[in-house]
Amino acid sequence: MLSSLDFAFRGPLRASGDHANDFAAPYISARLWLLQQNPYDPAAFFPTWHQAHGPQGQVYVNPSSLHSVYPPPSIVCLIPFALLPWPIAMPAYVLTSIALYLTALLLLAQLAPGTWQGLHKPIFLACGLAFAPVHSSLHVSNPSCLSASLLFLGIYLMQHLGTSPARQPVQTSSTRDTLAIAALLALSICIKPTQGSVILVFLLWSRAWRTLAATIAAVILITATSLLPLLHLGQAWLTQLRANIQYAFTDGTASLFAHNLVRLDRIDLQLPLYILTSSTTLAANLAATIAGVLLLLALTLQPTARLITRDQALLRLSAMLAIGILPMYQRFYSATVLLLPILWAIRNLAAPPTTRCVARAILALSTIFLINTTVLQRYFHLAQRLSGHLPIFANAFIAPHLNWFLLGFAVLLLAAIPITQRNPTKTQAPNQA
């Protein structure tokens, strides 16, 4: 009950369409795309918004919302909402995100052990409802919740319908199943490419060739569909998109520079590395290198058993999703994907001692996402208070503490892979066809 109230009051009840929120940018781009106009033209934002019956007069506008950076495939995926006027599209989008998230949460809870009369399923459901990144996404109406929900639905189908002969835990049993999973994963990737794309690496590792091929084909189809109406614009739309990206990363909310007052909401490694190096290029390269090395480890850590169990697949995927947050621009709501490690940990609370200890550690560390500690740190001015005595420590480690936490979390998940392989859970069985 408390987690349900927490979810409602901190998430959807704080969402508002009386200003240019995170959903406004792709919404306006999609409407411009339908009109065969340049979807990235900042000058067309307010005229198009007003034509869609958006708020008139002076309203709060995040300047980054005027400079849309959502790629064409994202625009196409959100067209159903763009067909509606803003006063209807905004609540319809929020309600759709809530419905898909709650559906995914309930289905993933089915993968937790025991029954609903036990503890494991209710605990996972409560964690999902109290998960602060989801609240953040719904509060600012960011597409990350919608993308993550579609990703979770695809993962559930992979786990529920999959088979596991020799490292193929997600090879589906029919063409219809494959297409359903591919559609969900492709939509997730296209809506939020930086959040869902790592699933392709997991499909490659698990040798789920049919699902991988179908997902890539669906992404290509959506991309081609999104580009066709832009051909008559020549290079104008691409030039403006590049200019918008440049704006976002120099003067907008994605900027690493100190003048961006919300830069500490970033949770990727580029932020603390930039604070340490004062070089955006070096920070980007270092973050990409660290994430690349970790992802390579996730691919090369081999299972000892011939068959991959559901828990081994979930753990590997959890590690990859955590690593996927590290290399490039991500904000707090992107951590929604970390519900997967929580699910794995809850499934292994009764595992052999070593695995059980790892599961408990992951579950304990995950509790940090029940609140937004970055907001608390800003509220209590902790970094500012320490900066006079320990400036580097305060600015590069305390202020962006979640960024380093996620790096440690990803390393812990990777370290758990060989541990769980040496200590397989006796009660867990490989996925059956």
Side-chain angles (χ1 to χ4, degrees), residues 23 26-27 29-30 33-34 70-84 92-93 95-108 110-111 137 142-163 168-229 310 313-314 317 320-321 324 334 336-337 339-340 343 431 433:
F23 176 59
Y27 170 80
S29 290
W33 185 91
L34 287 170
Y70 286 85
S74 302
I75 294 173
V76 169
C77 293
L78 296 175
I79 279 178
F81 302 105
L83 294 171
L84 304 171
Y93 167 76
L95 289 174
T96 301
S97 298
I98 294 171
L100 287 175
Y101 178 72
L102 293 180
T103 300
L105 193 61
L106 287 170
L107 289 176
L108 288 178
Q110 299 298 323
L111 301 178
S137 177
N142 190 274
S144 61
C145 179
L146 183 60
S147 174
S149 300
L150 292 166
L151 180 66
F152 291 153
L153 289 171
I155 290 171
Y156 169 78
L157 289 180
M158 286 193 295
Q159 294 295 315
H160 184 66
L161 301 172
T163 62
Q168 295 188 32
V170 295
Q171 190 66 48
T172 52
S173 56
S174 72
T175 301
R176 184 179 63 181
D177 296 336
T178 300
L179 294 178
I181 293 172
L184 291 167
L185 298 183
L187 286 172
S188 174
I189 293 170
C190 288
I191 291 173
K192 198 81 172 177
T194 58
Q195 182 171 269
S197 298
V198 74
I199 191 66
L200 298 175
V201 181
F202 175 75
L203 294 176
L204 178 66
W205 170 81
S206 60
R207 299 180 184 176
W209 306 123
R210 286 190 301 161
T211 306
L212 177 62
T215 303
I216 293 175
V219 170
I220 292 174
L221 178 61
I222 295 172
T223 302
T225 302
S226 69
L227 293 177
L228 284 176
R310 175 175 289 168
L314 279 175
L317 179 54
M320 291 181 179
L321 289 173
S334 298
T336 299
V337 297
L339 274 179
L340 261 293
L343 176 60
N431 299 337

| said: Under a 3.5 Å distance rule, please check whether W33 uses its side chain to pair with a backbone N or O of P229 as donor and acceptor. | reply: no
| Steps toward side chain to side chain contact (heavy atoms under 4.5 Å, CB included) verdict (I155, L340) | CA-CA 9 Å; I155 290 171; L340 261 293; 4.2 Å; yes
| task | First locate atom CD1 of I98, then atom OG of S149, and finally report the distance between them rounded to the nearest 0.5 Å. | result | 10.0 Å
| query | What distance separates I75 CD1 from L227 CG, expressed to the nearest 0.5 Å? | reply | 9.5 Å
| request: Report the distance from atom CG of D177 to atom OG of S174, rounding to the nearest 0.5 Å. | output: 3.0 Å
| task | Report yes if the side chains of M158 and I199 come closer than 4.5 Å at any heavy-atom pair, otherwise no. | result | yes
| message | Is it the case that the side chain of S29 and the backbone of P26 share a donor-acceptor pair, with hydrogens and angles ignored and the cut-off at 3.5 Å? | response | no
| field | Pairwise side-chain contact, P193 with S74, heavy-atom cut-off 4.5 Å (strictly under) | value | yes
| field | Between CG on residue L185 and CD1 on residue I189, distance to nearest 0.5 Å | value | 6.0 Å
| Nearest heavy atoms of V76 and S226, plus distance in Å | CG2-CB, 3.1 Å
| message | Just verifying a value: how many Å separate Y93 OH and L84 CG, rounded to the nearest 0.5 Å? | response | 14.0 Å
I'd like a table of donor-acceptor pairs (distance under 3.5 Å, sequence neighbours excluded) in which one partner is a side-chain atom from residues 212-220, with atom names and distances.
| from | atom 1 | to | atom 2 | distance (Å) |
| --- | --- | --- | --- | --- |
| T215 | OG1 | T211 | O | 2.7 |

| task | Please tell me if the side chains of L203 and W209 come closer than 4.5 Å, counting only heavy atoms from C-beta onward. | result | no
| pair L105-Y101: side-chain heavy atoms closer than 4.5 Å | yes
| query | Can you find a heavy atom in the side chain of L151 that is under 4.5 Å from one in the side chain of Q195? | reply | no
| Is any side-chain heavy atom of F152 closer than 4.5 Å to a side-chain heavy atom of T103? | no
| query | Which of these passes side chain to side chain contact (heavy atoms under 4.5 Å, CB included) with K192: L150, L146, N142, L187? | reply | N142
| said: So, taking the atom named CZ in R310 and the one named CG in L343, what distance separates them when rounded to the nearest 0.5 Å? | reply: 9.5 Å
| query | Should L157 and L107 count as side-chain neighbours, where that means a heavy-atom distance under 4.5 Å? | reply | no
| F81 vs F23 aromatic rings, parallel, tilted or perpendicular, using cut-offs 30° and 60°? | perpendicular
| field | side chain to side chain contact (heavy atoms under 4.5 Å, CB included) evaluation trace for L321 with F202 | value | CA-CA 9 Å; L321 289 173; F202 175 75; over 6 Å; no
| query | Within the distance-only criterion (no hydrogens, no angle test), does the side chain of S147 pair as donor or acceptor with the backbone N or O of P143 below 3.5 angstrom? | reply | no
